[in-house]
Amino acid sequence: MPELPECEAARRRIDAGALHRTIEGFDLGEVSHVELPSEDERARFVGTQFSRTHRHGKYIFVGSKDGPWLHIHLGMAGSVRVLEEGAELPDFIRFTVKFEGGNRLHFRDPRKFGLVRLVEDVDEFIADKGLGPDALEIGDNAFSETIGKTKGAIKSALLSQKKLAGVGNLWADEALYRTGIDPEAKANKLEAGKVSELHRAVRDILRAVVDTDATYSKLPDDWLIHHREDGDACTRCDGKITKKTVGGRTSYYCPDHQSGT
DNA sequence: TTTACTGTTAGGAC
DNA sequence: TGTCCTAACAGTAA
């Protein structure tokens, strides 16, 4: 379930279990339609160790010292886990890094929208992609400049990785729910104060989810994440949660307390 | 059997 | 040129 907090949780798992171990080799699962490093690229990692990780938005990087990085993108349904050699494997493992001593770093991706690739330079990669600032790092001025001046729907602006990297469908809905903004509201029609409030909500929500290691059951009951169903009672007013499509994405919101269109 | 899906991006409209 | 929007991607699960 990968947006920024899920990716951060994945990065931390990699930090905890996949660094400073010598890479022995790789295993590939059923990988039709999955982009993975080529045999030559994989060979460059064998015998080396990962020593650092980095995350920008939803993009995860695992780096060897002075060498290339392994970039992992989780797509719509991907995840990573570190397991002992011989542990029972979940289905849909597409790619495995084998370390001396037994640990395995697995990339699982049922839906095959994710990818793993070799990246020489992280900063260059981010620049080439045109990714905006990370959603946890961006300052209030930059947020207001990029998000607040967009002509289209505020939710579409939040989802644009070129404006702001890391926010996806679920946490965009959550932030708009908390701040009482209709997902279809025109971003450039919102009051400046409202845009700042939205920035704080995005930041606070992402931080809180990161703090739970992206375990949704640990999040407060009154968050929208637990009520994403047409007709559910709103937890902030007497309204009912309603489903509509904004920018091609399914959106849940409460028409009674979310306004701005 | 049908439908929806948490991300990204090419291509088209304006 | 830029900005915005839609559809499509592949496979699973409800």
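Letters A, B, ... are given to chains in the order of the sequence lines, protein chains preceding strands, and every chain is numbered from 1. Hydrogens, waters and symmetry mates play no part in the numbers below; they use all other heavy atoms, side chains included.
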Worksheet item: Can you tell me how far P in C:dA10 sits from the matching atom in B:dG11, rounded to whole Å?
Response: 15 Å
Atom [atom1] of [X] and atom [atom2] of [N]: how far apart are they, to the nearest Å?
X	N	atom1	atom2	value
A:Arg228	C:dA14	CZ	P	17 Å
A:Leu74	B:dG7	CG	P	11 Å
A:Trp171	B:dT6	CH2	C1'	9 Å
A:Arg94	C:dG11	CZ	P	8 Å
A:His71	B:dG7	NE2	C1'	12 Å

Using a 3.5 Å distance criterion without hydrogens, assess whether the side chain of [X] forms a donor-acceptor pair with backbone atoms of [Y].
X	Y	value
A:Thr48	A:Phe45	yes
A:Thr245	A:Gly248	no
A:Glu174	A:Trp171	no
A:Thr212	A:Thr215	yes
A:Glu30	A:Ser32	yes

Would you list the protein and nucleotides 4-6 of chain C atom pairs, both N or O, that sit under 3.5 Å from each other?
unit_1: C:dC4; atom_1: OP1; unit_2: A:Lys151; atom_2: N; d: 2.8
unit_1: C:dC4; atom_1: OP2; unit_2: A:Lys163; atom_2: NZ; d: 3.3

Worksheet item: Under a 4.0 Å heavy-atom cut-off, which of residues 199-209 of chain A touch DNA chain B?
Response: none
Discussion item. Tell me which residues in residues 108-123 of chain A lie within less than 4.0 Å of DNA chain C, going by non-hydrogen atoms.
Written reply: A:Pro110, A:Arg111, A:Lys112, A:Phe113
At a cut-off of 3.5 Å, list every protein nitrogen or oxygen paired with a nitrogen or oxygen from nucleotides 8-10 of chain B, distance to 0.1 Å.
unit_1: B:dT8; atom_1: OP1; unit_2: A:His73; atom_2: NE2; d: 2.6
unit_1: B:dT8; atom_1: OP2; unit_2: A:Lys58; atom_2: NZ; d: 3.0
unit_1: B:dT9; atom_1: OP1; unit_2: A:Lys129; atom_2: NZ; d: 2.6

Discussion item. Is the ring pair A:Tyr59/A:His71 parallel, tilted or perpendicular, if the boundaries are 30 and 60 degrees?
Written reply: parallel
Discussion item. Check for me, please, whether A:Leu176 and A:Ile138 land in the same ILVMFWY cluster - side-chain distances under 4.5 Å, paths through other members count.
Written reply: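 Hydrophobic grouping puts A:Leu176 with A:Ile138.
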Fill in: Test log, rule side chain to side chain contact (heavy atoms under 4.5 Å, CB included), inputs A:Asp182 and A:Lys244
CA-CA 11 Å; A:Asp182 187 309; A:Lys244 71 175 171 182; 3.0 Å; yes
Discussion item. Ring centres under 6.0 Å, that's the criterion: do A:Tyr216 and A:His226 meet it?
Written reply: no
Worksheet item: So, do A:Phe95 and A:Phe26 have ring centers that fall under 6.0 Å from each other?
Response: yes
Discussion item. Stem list for DNA chain C, please, built from Watson-Crick and G-U wobble pairs under 3.5 Å and keeping only runs of at least 3.
Written reply: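 Stem segments, range with range: B:2-5 with C:11-14, B:7-14 with C:2-9.
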Practice prompt. Could you name each residue pair satisfying side-chain hydrogen bond (donor to acceptor under 3.5 Å, both in side chains) that touches residues 83-92 of chain A, not counting sequence neighbours?
Written response: A:Glu85-A:Arg104
Which atom of [X] lies closest to which atom of [Y], heavy atoms considered:
X	Y	result
A:Ala10	A:Ile60	CB-CD1, 3.9 Å
A:Ala165	A:Leu4	O-CD1, 4.0 Å
A:Leu118	A:Pro37	N-CG, 4.4 Å

Item to complete: When you get a sec, tell me which of B:dA4, C:dA13, B:dG7 is the closest nucleotide to the side chain of A:Glu3?
Response: B:dG7
Worksheet entry | Candidate pair A:His56 and A:Asp134, rule side chain to side chain donor-acceptor pair (under 3.5 Å), full reasoning | CA-CA 6 Å; A:His56 187 96; A:Asp134 184 84; 5.1 Å; no
Discussion item. Quick one, A:Thr250 with A:Lys243, criterion side chain to side chain donor-acceptor pair (under 3.5 Å). Give me CA distance, side-chain angles, the key distance, then yes/no.
Written reply: CA-CA 7 Å; A:Thr250 300; A:Lys243 176 176 163 174; 5.3 Å; no
